[in-house]
Amino acid sequence: MNYIGVIDCNNFFVSCERLFRPDLVGKPVVVLSSNDGCVVARSQEVKDMGVPMGVPIFQIKDMIKDKGIITFSSHFALYRDISSRVFTVVKTLLPTREIYSIDEAFFTISAHSKAELEATLRAMKIEIERQVGIPVSLAVAATKTQAKYANRLAKKSGGVTVLDPADWEALTPMIPLQNIWGVGGKLEMRYKNAGLVTVADLIACPKSRIASMFGIVGVRLQAELAGMPMYAVSEVHAPQKSIMSSRSFEKNVTEIAVVKDAVAYHLRQVVAELRHLRLKTKNLSIFLGTSRHGDYLLRGGSLGVENMTPTDDIVFLLKQAFALVDRLYDAEVPYKKAGVYISGFSPKTVIQQSLFTDTDEVTYSPINDLLDGFNARYGADMVTIGTHTKERKWQSKSEQKSPAYTTRWSDLAVVKT
DNA sequence: TCTGGGGTCCTAGGACCC
DNA sequence: TCTGGGGTCCTAGGACCC
């Protein structure tokens, strides 16, 4: 029988930090979001204490102190590097796989018997852990959605779970829809209001009713849960459709100059990535956000422009981004977040001339190549363009970051013998 | 006092056309 | 005096994921 599986790293960010701090194995560890705002990864010990995912750090301050929880700021360069090591090994074991996120991949596999498959997966788990040192779980079932659920079971039962169709069918009356991949809080409520609580309920519901109440998303979910794959495992990574950069401010910001500095920073980030991918973009939008917990909740927003001719020119885009800020910015509103979003990409080599091209649009500043050179040599964003204020008043804190063990020479781990 | 960031896909509703 | 309706396209925002 053919199966679809998912492999993922256990407590990935925490496991990455522990890789270089073996003394922390068995101790309670959390990794914080940027701005050190909330918990984004928890070790098993912390999960067992009942600390939920995403909890604001200030709410568990006492617990951190009392129970000796060790905290780290997010360190994405490290996690990305470890991630690529994991997938390099995975590739040798599972040729047909689709990398889905920084810490997980789908794959296909076939086997004659359940016992044989379990033994194969177990051997893979051991091999990955031996080569990279990050603990992983593997689970397989008939579809991606079923496999994601099987993976939850794997985490509680030694890291490997195989669900054949009979296993799955027996489980469906006991699985609440809220535990299913693709069902968040809002959808769970809507299903509940329609009298659908478990996976078995959804499978038994007439397709026409699902279609009229929940649209194409509901129909696909039903099929996946019934064992008919709607989402194939695709080895080729679909080209990225958008690039975003955004960050919360440490404090509320009301000066437009500071907002513009932040927007200029994010624009430099997305354009650097765009140029690295050798792409050009048509759509540029900026967004300004307010606190999610105040009187100005609905005062943020976004605004975009579409260019007839795709571009990767920082000077041109910066001018447009600032014009968007001028239109969106409201002096009465305290902003807490800003970001830049680009989409509508085409390859850099293709010169797509529009019939209606405004000649202003195709100008290209030599500053771009200059910046690329500086960035390559001295690291991203050493040289800035479009900055109004001296300090980065908007920047967030990241006070407990681990050393760059794998991406900076000076932070290499030292082996003591 | 203090609540992440980067993605994807889908849909509701406005603008526009005839 | 009487004042349509259906289709398409686009965009902002919603919902979800990790």
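Chain A is the first sequence line, chain B the second, and so forth, proteins listed ahead of strands; every chain is numbered from 1.
The interatomic distance linking A/M53 (CE) with B/dG5 (P) rounds to 14 Å, in whole Å. A/I57 has its CD1 atom 17 Å from the P atom of B/dT1, to the nearest Å. A straight line from CG of A/D36 to C1' of B/dT3 spans 13 Å, rounded to a whole angstrom. Taking atom CZ on A/R247 and atom P on B/dT3, their separation rounds to 15 Å, with Å as the unit. Rounded to whole Å, the distance from CZ on A/F76 to P on B/dG5 is 10 Å. For the pair A/E273 CD and B/dG5 P, the computed distance is 17 Å after rounding to whole Å. Rounded to whole angstrom, the span from the CH2 atom of A/W181 across to the P atom of C/dC18 amounts to 8 Å. Residue A/Q400 contributes atom CD, which lies 13 Å from atom C1' of B/dC2 at whole-angstrom precision.
Between A/K148 and the phosphate of C/dC18, there is a side-chain N or O to OP1/OP2 separation shorter than 4.0 Å. For the pair A/K336 and B/dT3, the criterion of a side-chain N or O lying under 4.0 Å from OP1 or OP2 is met. Taking 4.0 angstrom as the limit, A/S248 places a side-chain polar atom (N or O) nearer than this to OP1 or OP2 of B/dG5.
With respect to A/K125 and A/E129, a salt bridge is recorded, a charged nitrogen being found less than 4.0 Å from a carboxylate O. A salt bridge links A/E104 and A/K148; the closest N-O separation between the charged side-chain nitrogens and carboxylate oxygens is under 4.0 Å. In summary, A/E188 and A/K192 engage in a salt bridge, as defined by a charged side-chain N under 4.0 Å from a carboxylate O. Contact check on A/D23 versus A/R18 returns no salt bridge, with no Lys/Arg side-chain nitrogen under 4.0 Å from an Asp/Glu carboxylate oxygen. Under 4.0 Å is where a charged nitrogen must lie from a carboxylate oxygen, and between A/K144 and A/E98 at least one such pair does.
The side-chain tip of A/K260 points at the ring of A/F322 from less than 6.0 angstrom away and within 45° of straight on.
A/I180 comes within 4.0 angstrom of sugar-phosphate atoms only, judged by non-hydrogen atoms across all strands, and of no base. At the heavy-atom level, A/D8 lies nowhere under 4.0 Å from the strands shown. A/S285 comes within 4.0 angstrom of nothing in the nucleic acid, heavy atoms only. A/F12 comes within 4.0 angstrom of nothing in the nucleic acid, heavy atoms only. Across all strands shown, A/I243 has heavy atoms under 4.0 Å from sugar-phosphate atoms exclusively, and none from any base. At the heavy-atom level, A/G185 lies under 4.0 Å from the strands shown only through sugar-phosphate atoms. Using a 4.0 Å heavy-atom criterion, one finds that A/R220 contacts the sugar-phosphate atoms exclusively. Across all strands shown, A/K241 has heavy atoms under 4.0 Å from sugar-phosphate atoms exclusively, and none from any base. Contact annotation for A/V183: backbone-only contact, meaning every heavy-atom pair under 4.0 Å involves sugar-phosphate atoms and none involves a base.
Side-chain rings of A/Y231 and A/F106 stay apart, their centers remaining 6.0 Å or farther from each other. The aromatic ring centres of A/F214 and A/Y191 sit less than 6.0 Å apart.
Of the two residues near DNA chain B, A/A238 and A/I216, the one whose nearest nucleotide lies more 5' is A/A238. Comparing A/V217 and A/C38 by the nucleotide of DNA chain B whose heavy atom lies nearest to each, the residue mapping closer to the 5' end is A/C38.
Counted by atom type alone, A/T281 and A/D312 present zero donor-acceptor pairs between their side chains at under 3.5 Å.
No donor-acceptor distance shorter than 3.5 angstrom exists from the side chain of A/Q400 to the backbone of A/F72, with no hydrogens or angles considered. With A/S137 contributing its side chain and A/D8 its backbone, the two residues share no donor-acceptor pair below 3.5 Å.
Distance check, rounded to the nearest 0.5 Å: CD1 of A/I7 to OH of A/Y100 gives 16.0 Å.
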Between the protein and nucleotides 6-11 of chain C, which nitrogen or oxygen pairs come in under 3.5 angstrom?
none

What's touching nucleotides 13-17 of chain B from the protein side, N or O pairs under 3.5 Å?
none

Let me check I have this right: for DNA chain C, each base becomes ., (, ), [, ] or |, based on Watson-Crick or G-U pairs with both distances under 3.5 Å. What is the full string?
....||||||||||||||
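Rounded to the nearest Å, the gap between the C1' atom of B/dC17 and that of C/dG4 is 13 Å.
The two residues A/C38 and A/G54 have their closest heavy-atom pair at CB-O, 3.6 Å.
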